[in-house]
Amino acid sequence: MKHKFFLSLLLALVPLCLLAQVPVTRNSTKPKAKPKTEQTAKPAPAKKKTNQPAKPSAAKRTNSSGATSSAANAKLTLKNLTVNMVYVSGGTFTMGATSEQGSEAYDEEKPVHSVTLSSFYICKYEVTQAVWEAVMGSNPSYRKGANLPVESVSWDDCQTFIRKLNALTGKNFRLPTEAEWEFAARGGNHSRGYKYAGSNNIETVAWYKGNSGYKTHVVGTKSPNELGIYDMSGNVWEWCQDWYGSYSSASQTNPTGASSGSDRVLRGCSWDNDARYCRSSNRNGNTPAIGCPYYGIRLVLSQL
């Protein structure tokens, strides 16, 4: 009887033992099934480190390319300065109010005198705004245009420009002396004795009050003079190196003007002046610190 009792009790306890071995789970701790996309996605392998710098973003590459292109254009612009220099063979000429200048000549252009010059190079064009900006990084001109002559520059501004230009190019650019300017304007040793730089007809060689529309014009669009130099009459006045002073009747060799003064020489006339002022012997001057919308610059080299 006891054996039957223990057997029945054992059979009743077996299901309870099996039930106790089943793990208990709770909603708060049950791990959520991961989405299939997460199950299949693998992390990207880490890039190997190299000594090469990382490539810039597309935006940075564009900016870098633009800067490189701008620098290349500036370099080409400055290179063309040397290409455009015209050789002026040295010689002797009569400077001042010679006969072809007629009754329009002023007293400041007298007395005429003999001048002997060494050979030099002068740019066939007035300095353009593109050239000025390539050197200075800014453009002071009142009327903007890459191939218009730079204007609104003072003599002092021109000296700063030339120093920076020479540092960039390794050349020795400078302003012409007044005598060099007039010799070149007259056509040097090839002069035909014209009243203006390249002609007796001002309309063919100059932008002046009568045809300019009261503005500057792209350099080199009128006819050149006997040496192939443009705009030495009209467009913009051009600063020279000399102090403004009176002439002497004595013969001179490579003169550099007065030893001192208050004004620097300007030559060539501008878009805002009458024909009388565009004559090759006409003179002007102003204080070195003054820059006007009709003052510009032309460059000279003693040697390439």
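In what follows, every heavy atom counts, from backbone to side chain, and hydrogens, waters and symmetry copies are set aside.
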Query raised in the report: Just wondering, do Tyr277 and Arg279 contact through their side chains at under 4.5 Å, heavy atoms?
Result: no

Query - Steps toward salt bridge (charged side-chain N to carboxylate O under 4.0 Å, His left out) verdict (Arg283, Glu109) - result: CA-CA 7 Å; Arg283 309 174 70 206; Glu109 301 167 39; over 6 Å; no

Query - Side-chain H-bond candidate by donor/acceptor type, Tyr194 with Ser280, under 3.5 Å - result: no

Report task. Establish, from distance only, whether the side-chain atoms of Gln101 and Ser281 form a donor-acceptor pair under 3.5 Å. Result -> yes

Query raised in the report: So Tyr295 and Trp239, would you call those rings parallel, tilted or perpendicular, with 30° and 60° as cut-offs?
Result: perpendicular

Query - Side-chain (Thr177) to main-chain (Glu180) donor-acceptor, under 3.5 angstrom - result: yes

Query raised in the report: Once the angle between the rings of Tyr230 and Tyr125 is folded into 0 to 90°, is it parallel (under 30°), tilted (30 to 60°) or perpendicular (over 60°)?
Result: parallel

Query - Donor on one side chain, acceptor on other, Tyr244 and Glu108, under 3.5 Å - result: no

Query raised in the report: Does one side chain, of Ser141 or Asn139, offer a donor that lies under 3.5 Å from an acceptor on the other?
Result: yes

Query raised in the report: Would you find a donor on one side and an acceptor on the other, under 3.5 Å apart, between the side chain of Asn273 and the backbone of Lys209?
Result: no

Query raised in the report: Is a side-chain N or O of Asp272 found less than 3.5 angstrom from the main chain of Tyr214, in a donor-acceptor match?
Result: no

Report task. Check whether any side-chain heavy atom of Val150 lies under 4.5 Å from a side-chain heavy atom of Gln129, and answer yes or no. Result -> yes

Query raised in the report: Within the distance-only criterion (no hydrogens, no angle test), does the side chain of Asn211 pair as donor or acceptor with the backbone N or O of Tyr208 below 3.5 angstrom?
Result: yes

Query raised in the report: Can you check side-chain contact (heavy atoms from CB on, under 4.5 Å) on Val265 and Arg267, steps first, answer last?
Result: CA-CA 7 Å; Val265 172; Arg267 284 302 203 106; 4.0 Å; yes

Query raised in the report: Are any side-chain N or O atoms of Asn225 and backbone N or O atoms of Gly198, one a donor and one an acceptor, separated by less than 3.5 Å?
Result: no

Query raised in the report: Does Val218 offer a backbone N or O that forms a donor-acceptor pair with the side chain of Thr221 under 3.5 Å?
Result: yes

Query - Spacing of CD belonging to Gln252 relative to OG belonging to Ser114, to within rounding of 0.5 Å - result: 9.0 Å

Report task. Could you walk me through whether Lys164 and Gln159 pass side-chain contact (heavy atoms from CB on, under 4.5 Å), step by step? Result -> CA-CA 9 Å; Lys164 291 186 176 182; Gln159 298 306 308; over 6 Å; no

Query raised in the report: Any chance the side chains of Asp157 and Ser154 put a donor and an acceptor closer than 3.5 Å?
Result: yes

Report task. Return yes if some donor-acceptor pair links the side-chain N/O of Arg264 with the main-chain N/O of Asn286 below 3.5 Å, else return no. Result -> no

Query raised in the report: Could you walk me through whether Phe173 and Met85 pass the side-chain contact (heavy atoms from CB on, under 4.5 Å) check?
Result: CA-CA 11 Å; Phe173 289 101; Met85 300 304 285; 4.1 Å; yes

Report task. Report yes or no: does Trp237 contribute a side-chain atom to a donor-acceptor pair with the main-chain N or O of Asn284 at less than 3.5 Å? Result -> no

Requested in this report: May I ask you to say whether Glu151 pairs ionically with Arg143, meaning some side-chain N is under 4.0 Å from a carboxylate O?
Outcome: no

Report task. Say whether Trp132 and Ile290 are linked into one hydrophobic cluster, either directly or through other cluster members, by side-chain heavy-atom distances under 4.5 angstrom. Result -> yes

Query raised in the report: Just by modelled atom types, is the Gly90 backbone N or O under 3.5 Å from a matching donor or acceptor in the Ser119 side chain?
Result: yes

Report task. Examine the side chains of Thr204 and Asn201 and answer whether a donor and an acceptor come within less than 3.5 Å of each other. Result -> no

**Report entry** Lys/Arg N to Asp/Glu carboxylate O, Arg298 vs Glu238, below 4.0 Å
**Finding:** yes

Query raised in the report: Is there side-chain contact between Leu299 and Arg174, with heavy atoms separated by less than 4.5 Å?
Result: no

Report task. Step through the shown structure and confirm whether more than 12 heavy atoms of other residues, nucleotides or ligands are within 6.0 Å of OH on Tyr294. Result -> no

Query raised in the report: Where the side chain of Asn200 meets the backbone of Lys195, is there a donor-acceptor pair that is under 3.5 Å apart?
Result: yes

Query raised in the report: Are Tyr121 and Leu78 linked, directly or through other ILVMFWY residues, by side chains that come within less than 4.5 angstrom of each other?
Result: yes

Query raised in the report: Would you say the side chain of Leu175 lies within less than 4.5 Å of the side chain of Ile297, judging by non-hydrogen atoms?
Result: yes

Report task. Is it possible for you to check whether Lys215 lies under 6.0 Å from the centre of the six-membered ring of Trp271, through NZ or CZ, and within 45° of that ring's axis? Result -> no

Report task. Indicate whether the side chain of Asn254 and that of Ser118 have a donor and an acceptor atom separated by less than 3.5 Å. Result -> yes

Report task. Run the numbers on Thr98 and Phe93 for side-chain contact (heavy atoms from CB on, under 4.5 Å), then give the verdict. Result -> CA-CA 10 Å; Thr98 48; Phe93 77 109; over 6 Å; no

